[in-house]
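So the structure is just underneath, and the comments pick up after that.
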Amino acid sequence: MNKCYVFIGPSGSGKTSLASELFEPNQKIITYTTRHPRKGERDQIDYYFVTESQFEQMIKNDAFVEWDEYAGEKYGSSKAEVMHKLEQGDCYIILTAAGFWSFYHTFGSCIQPVFVKISKKQLKERFLKRGDTQEQIQKRLALFEKDMQEITLLERVPQLMILTNNNDLEKTKKQFINQQKKEEEN
């Protein structure tokens, strides 16, 4: 059975970097967002960047498995994109915990949750390094505690992977690979 690995965790925890290291680019489920591209991001590769009105029309057309508003911007995953990627093989996506639950209820046991933890101190350092404004940093740090509390609910899913990413991507990759091997043995 093909799996969709859903990476969850605080914004800035390294979810995207980790997933990009573990999977091929064509395995990524490209999501839609109303936010503007960050430096180096490309439309239809990193996200589908759409206007607020385009996003609202997709909601009306029931095009999303899930959609959410995070830090003032909307993000959504199209049903068609997810089904297409799962038909091709294993895939991955970066989501909020709420988004994960929508995936899990829609697609069931082929959804593999991966929660990436980080310390609050290192999180703030990452935001500064990537050039976020003070306002963006404050918004994201305010969401940090809420994001970390999601682990308690996610622990109800037996196949949950919890990884710690404190500025050592190689160690975090090894954590993932080791937990994946244990999952396959069961």
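Remember, it's a predicted structure, so these values are computed and weren't measured experimentally.
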Which heavy-atom pair separates [X] from [Y] by the least distance, and what is that distance?
X	Y	answer
Asn26	Lys85	O-NZ, 2.7 Å
Tyr5	Val114	CD2-CG2, 4.2 Å
Arg126	Gly14	NH1-N, 3.4 Å
Ile151	Lys117	CD1-CD, 3.5 Å
Glu66	Ser77	OE2-OG, 2.5 Å
Ile93	Cys4	CG2-SG, 4.1 Å

Crowding at [atom1], [X] (>12 non-hydrogen neighbours, <6.0 Å):
X	atom1	value
Glu24	CD	no
Lys171	NZ	no
Lys173	NZ	yes
Lys79	NZ	yes
Lys3	NZ	yes

Looking at residues at least two apart in the chain, or sitting in another chain, which of them share a side-chain contact (heavy atoms from CB on, under 4.5 Å) with Ala19? Phe7, Tyr92, Ile94
Please test Glu145 against Lys120 for side chain to side chain contact (heavy atoms under 4.5 Å, CB included), starting from the C-alpha separation and ending with a verdict. CA-CA 9 Å; Glu145 296 299 329; Lys120 194 170 188 174; 3.7 Å; yes
Considering only distance and modelled atom types, tabulate donor-acceptor pairs under 3.5 Å from the side chains of residues 35-43, sequence neighbours left out.
from	atom 1	to	atom 2	distance (Å)
Arg35	NE	Tyr75	OH	3.1
Arg35	NH1	Glu41	OE1	2.8
Arg35	NH2	Glu41	OE1	3.3
Arg35	NH2	Glu41	OE2	2.9
Glu41	OE1	Arg38	N	2.7
Asp43	OD1	Phe49	N	2.8

Answer with yes or no after comparing the ring centroid distance for Phe115 and Phe100 against a 6.0 Å cut-off, counting only values under it.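 Centroid separation for Phe115 and Phe100: 6.0 Å or greater.
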Tell me whether the NZ or CZ atom of Lys28 lies within the 45° cone about the ring axis of Tyr47 and under 6.0 Å from its centre. yes
Quiz question: by atom type and distance under 3.5 Å, do the side chains of Gln54 and Tyr32 form a donor-acceptor pair? no
Run the numbers on Met58 and Asn61 for side chain to side chain contact (heavy atoms under 4.5 Å, CB included), then give the verdict. CA-CA 5 Å; Met58 292 181 76; Asn61 293 340; 5.6 Å; no
[Y] and [X], any side-chain heavy atoms less than 4.5 Å apart:
X	Y	value
Leu86	Cys91	yes
Gln159	Pro113	yes
Arg140	Leu123	no
Leu169	Leu18	yes
Gln149	Leu154	no
Val6	Ile8	yes
Gln180	Gln112	no
Glu150	Leu153	yes

Parallel, tilted or perpendicular, judged at 30° and 60°: which one describes the rings of Tyr104 and Trp101? perpendicular
Kindly indicate, with the supporting measurements, whether the criterion side chain to side chain contact (heavy atoms under 4.5 Å, CB included) is fulfilled by Ile30 and Gln44. CA-CA 7 Å; Ile30 301 170; Gln44 299 181 26; 5.5 Å; no
Quick check against the 3.5 Å criterion: does [X] have a side-chain atom that pairs as donor or acceptor with the backbone of [Y]?
X	Y	value
Glu81	Thr31	no
Lys74	Thr34	no
Glu73	Thr33	no

Identify whether Val50 and Leu95 are in the same connected component of the hydrophobic contact network (ILVMFWY, side-chain heavy atoms under 4.5 Å).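 No, no single cluster joins them.
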Residues Cys110, Asn2; criterion side chain to side chain contact (heavy atoms under 4.5 Å, CB included); working and verdict: CA-CA 6 Å; Cys110 69; Asn2 295 334; over 6 Å; no
